[in-house]
> 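What follows is a single structure, and I will ask about it in a moment.
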Amino acid sequence: MELNADFDSRAIVHGAKTPWIKSPMPGVDRRMLDRLGDEVARATSIVRYAPESHFSPHVHTGGEEFLVLDGVFQDEHGDFPTGTYVRNPPQSSHTPGSEQGCTIFVKLWQFDMDDRTQIVVQPGDMVFQPTASGVRTAELFRDANEHVVMEHWDSGTPVDLDAPGGMEVLVTEGSFELDGELFEPQSWLRLPAGGSAAVSAGADGAKVWIKRGHLTRKPQPPTV
């Protein structure tokens with residue numbers, strides 16, 4: 001399966017307006033944003049766990065990165081409330097689920113295969129610093145291949161998104177506009193390497209997750 005698989009072009013999905021698709025596990029549904037591959041895939045998705053739903057134990061051969069959008073995500077390693085950012089590197093394993101239900105933004109098979117760094121950043125650990133007029137940034141992860149942050153954009157703030165290495169932006173709170181198009185919570189924008197966009201935060205500002213620099217090499221589907 002290929003979805004938004006042209007990484008040389010801008011991609012936009014308004015997740016909150018996208019139908020849920022059932023996963024192989026009862027009670028777990030998905031909104032697919034981009035995908036290369038079938039059930040084992042390089043994938044970017046929004047995933048919803050119904051209350052008391054669980055996935056079977058599994059290994060993330062290609063790694064898993066996720067942000068909890070609402071509720072509490074759980075596995076044998078702990079509870080991860082709304083706003084938590086997690087990186088489970090290649091060869092990590094867990095049994096995910098949620099007693100109360102939750103929604104997460106998740107990326108699979110997008111790690112350096114030699115990466116073994118486990119990252120958990122709870123909302124209370126995020127330190128937002130001013131980085132531009134009307135913009136505050138909290139760094140979540142940085143290595144030679146990518147840079148991941150959360151940002152607060154004040155009401156009406158113009159923001160220039162320059163993406164020499166590609167960029168993804170997910171709205172978690174508030175909104176922004178791009179060329180007259182409104183991006184609200186669960187809206188996702190992907191810019192190709194060398195791309196750019198001029199956006200403006202909405203009346204209530206915006207809180208966004210951003211990943212930069214990871215699209216300098218052409219994405220490929222999993223090889224195993």
> Tell me, with the steps shown, if His54 and Glu99 meet side-chain hydrogen bond (donor to acceptor under 3.5 Å, both in side chains).
CA-CA 9 Å; His54 298 82; Glu99 291 303 315; 3.2 Å; yes
> Please check this pair: side chain of Arg31 against backbone of Gly15, looking for a donor-acceptor N/O pair closer than 3.5 Å.
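A pair under 3.5 Å: yes.
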> Would you mind telling me which of Phe183, Phe176, Phe128 makes a ring pair (Phe, Tyr, Trp, His ring centres under 6.0 Å) with Trp153?
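Answer after filtering Phe183, Phe176, Phe128: Phe176.
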> Just checking, Arg30 and Trp20: is the charged tip under 6.0 Å from the six-membered ring centre and within 45° of the axis?
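Arg30 over Trp20 ring: no.
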> Output yes when a side-chain donor or acceptor of Thr82 lies under 3.5 Å from a complementary backbone atom of Gly71, and no otherwise.
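It does hold such a pair.
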> If only atom types and distance count, is the side chain of Thr103 paired as donor or acceptor with the main-chain N or O of Asp70 below 3.5 Å?
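No; zero donor-acceptor contacts below 3.5 Å.
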> Take the angle between the ring planes of Phe73 and Phe66 and call it parallel below 30°, perpendicular above 60°, tilted in between.
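Answer is tilted, since the angle falls between 30° and 60°.
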> Quick one: does any side-chain atom of Glu146 pair with a main-chain N or O of Lys211 as donor and acceptor, under 3.5 Å?
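Answer holds: no.
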> Check for a donor-acceptor pair, side chain of Ser45 on one end and backbone N or O of Val47 on the other, with a separation under 3.5 Å.
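No; judged by distance alone, with no hydrogens or angles, the pair does not exist.
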> Is Asp125 atom CG crowded by more than 12 heavy atoms from other residues, nucleotides or ligands, each under 6.0 Å away?
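It does: Asp125 CG has more than 12 such atoms within range.
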> Just checking Arg116: does its CZ atom have more than 12 heavy atoms from other residues, nucleotides or ligands closer to it than 6.0 angstrom?
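Yes, enclosed.
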> Looking at Glu168 and Arg190, is any side-chain nitrogen of the basic one under 4.0 Å from a carboxylate oxygen of the acidic one?
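So Arg190 does not pair with Glu168 through a salt bridge.
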> If the threshold is 4.0 Å, N to carboxylate O, is there a salt bridge linking Asp34 and Arg42?
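So Asp34 pairs with Arg42 through a salt bridge.
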> Assess the residue pair Gln110 and Thr44 against the criterion (side-chain hydrogen bond (donor to acceptor under 3.5 Å, both in side chains)); give the C-alpha distance rounded to whole Å, side-chain angles, the decisive distance to 0.1 Å, and a yes or no.
CA-CA 9 Å; Gln110 297 176 47; Thr44 304; 3.2 Å; yes
> For residues His214 and His147, establish whether the separation of their ring centroids is below 6.0 Å.
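No.
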> Is it the case that over 12 heavy atoms from other parts of the model lie below 6.0 angstrom from the CD atom of Glu2?
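12 or below, so no.
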> Yes or no on side-chain hydrogen bond (donor to acceptor under 3.5 Å, both in side chains) for Ser175 and Glu184, after CA distance, side-chain angles and deciding distance?
CA-CA 5 Å; Ser175 65; Glu184 298 179 293; 5.9 Å; no
> Will you find, in the side chains of Gln122 and Thr84, an N or O donor that is under 3.5 Å from an N or O acceptor?
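Distance-only check passes for Gln122 and Thr84.
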